[in-house]
Amino acid sequence: MTEPQLLSDDQITETLRDLPGWEARPGALFREVKAPTFMAGIRLVDEVAELAEQLNHHPDIGIRWRTVSFSLSTHVRGGVTQYDVDLARRITAVVDQL
Ligand SMILES: C[C@H](O)[C@H](O)[C@H]1CNC2=NC(N)=NC(=O)C2=N1
């Protein structure tokens, strides 16, 4: 498998058009989700953790009461790659079912 390439700022901007709720942060894609309850947020984290294991690509996750935040970057590349975009799309699908 070829190493993932870093996406340019323009590519990231273009990608974010199809990822409502996500924003560009330095070297990462970022999104906050307000879950209905704290436990719903924990269940969301659990579901995303399963996704991350399947993809072998892991988000940074923050939990602040009912607000769950995801920051996606490709550690081996030190920035945003297609792996992060794919994970963002998968997380979006889970969030849309909340
Ligand atoms: C060997 C390496 O740790 C694995 O390929 C995966 C694990 N999960 C990962 N997750 C993220 N976000 N970036 C990585 O570079 C990464 N590498």
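Because only heavy atoms are used, hydrogens play no part in the values below, and waters and symmetry mates are left out as well, while side chains stay in. When a ligand or atom number is given, it counts from 1 through the structure's own listing order.
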> Would you mind telling me if ligand 1 is within reach of the side chain of Ser73, the backbone, both or neither, using heavy atoms under 4.0 Å?
backbone
> What's the separation between atom CZ in Arg77 and atom CG in Leu7, rounded to the nearest 0.5 Å?
11.5 Å
> Check whether NZ of the Lys or CZ of the Arg Arg25 lies under 6.0 Å from the centre of the six-membered ring of Phe30 and within 45 degrees of that ring's axis.
yes
> May I ask you to check whether Trp22 and Thr92 show a side-chain donor-acceptor distance below 3.5 Å?
yes
> Considering only the protein, which heavy-atom contact is closest to atom 4 (C) of ligand 1, and what is its distance?
Asn56 ND2, 3.4 Å
> Of the protein's non-hydrogen atoms, which lies at the shortest distance from atom 10 (N) of ligand 1, and what is that distance?
His58 N, 3.0 Å
> Is there a path from Met39 to Leu98 through hydrophobic residues (I, L, V, M, F, W, Y) whose side chains come within less than 4.5 Å of each other?
yes
> Going by atom types only, do Asp84 and His57 share a side-chain donor-acceptor pair under 3.5 Å?
yes
> Shared ILVMFWY cluster between Leu16 and Tyr83, side chains joined below 4.5 angstrom?
no
> Is there a protein heavy atom at a distance of less than 4.0 Å from atom 2 (C) of ligand 1?
no
> Among all protein heavy atoms, pick the one closest to atom 14 (C) of ligand 1 and tell me residue, atom and distance.
His75 N, 3.5 Å
> Does atom 7 (C) of ligand 1 have any protein heavy atom closer than 4.0 Å?
yes
> Short N/O distance, under 3.5 Å, between Val76 and ligand 1?
yes
